[in-house]
Amino acid sequence: EAGVAQSPRYKIIEKRQSVAFWCNPISGHATLYWYQQILGQGPKLLIQFQNNGVVDDSQLPKDRFSAERLKGVDSTLKIQPAKLEDSAVYLCASSSRPQNYGYTFGSGTRLTVV
Amino acid sequence: AQKITQTQPGMFVQEKEAVTLDCTYDTSDQSYGLFWYKQPSSGEMIFLIYQGSYDEQNATEGRYSLNFQKARKSANLVISASQLGDSAMYFCAMSSYGQNFVFGPGTRLSVLP
């Protein structure tokens, strides 16, 4: 089966600019996650979708970050405006059920804010 | 709150030798799962092995085994017969039912030829 697709692979922007990342999960996976991984740290959950509804966005900085999953398939994560501390790898993952195992991660988008 | 601790920022191992990567966790839940992921320089998180809190036997997947000591709240990953391709970051993670993954800070493993 095809894996989790993410684009772009890399992005460099200036602070205060906007940026968007795209994720297409594995076909049939109802649960989709966005993680932020700052260099030298483990991934941190930003938001979890179950189909097209948000299950958990408690760690999403909502003043600048937004995410949507229209039609319960692919998803977009946006940052507006970006700050230097947003430099990180943004990982998308999907699973076939909203529980523990079966996460499949994409290759991530490496964002550099200068 | 759940927490994962990985005390080894970096590890070196000679090719073909075994290596143990440490992981301790903290949770008040009775039912939970423990996971290990590998992250090569390409950035993708690759699932390696899973251990359920009620599993009586240690999990094994090929060259990977999980040394699960529930009373000590540890879930160490053992890689046997290390290969150069094993050089990567390794993350321990846990999740309880209905909750999302919590990842540790990771251990960078370098396999020496």
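All values reported here derive from a predicted model rather than from experimental measurement. In the text below, chain A, chain B and the rest are named by the order of the sequence lines, each starting its count at 1.
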Checklist outcome for this item: Most contact-rich option vs chain A, by heavy-atom pairs under 4.5 angstrom, among B:Gly104, B:Cys92, B:Ser42, is B:Ser42
Checklist entry - Under 6.0 Å from the CG atom of A:Leu39, do we count more than 12 heavy atoms belonging to anything else shown? => result no
Checklist entry - What about A:Leu32 and A:Val73, same hydrophobic cluster or not, with Ile/Leu/Val/Met/Phe/Trp/Tyr joined at side-chain heavy-atom distances under 4.5 Å? => result no
Checklist entry - Considering residues, nucleotides and ligands other than A:Lys11, do more than 12 of their heavy atoms fall under 6.0 Å from its NZ? => result no
Checklist entry - Any chance CD1 of B:Ile46 has more than 12 other-residue heavy atoms, nucleotides or ligands included, within less than 6.0 Å? => result yes
Checklist entry - Does atom NZ of A:Lys71 have more than 12 heavy-atom neighbours, drawn from other residues, nucleotides or ligands, at distances under 6.0 Å? => result no
Item to check | Contact check, side chains of B:Tyr37 and A:Pro43, non-hydrogen atoms, under 4.5 Å | outcome: no
Next on the checklist: Tell me the closest heavy-atom pair linking B:Gly43 and A:Arg9, and the distance in Å.
Outcome noted: N-NH2, 4.3 Å
Item to check | Part of A:Gln37 lying under 4.5 Å from any heavy atom of chain B | outcome: side chain
Next on the checklist: So which atom in B:Glu44 and which in A:Phe105 form the shortest heavy-atom distance, rounded to 0.1 Å?
Outcome noted: OE2-O, 3.4 Å
Next on the checklist: I want to know whether B:Phe101 and A:Tyr35 have ring centres closer than 6.0 Å.
Outcome noted: no
Checklist entry - B:Gln39 versus A:Leu91: any side-chain heavy-atom pair under 4.5 Å? => result yes
Item to check | Exceeds 12 heavy-atom contacts within 6.0 angstrom, atom CD of B:Glu15 | outcome: yes
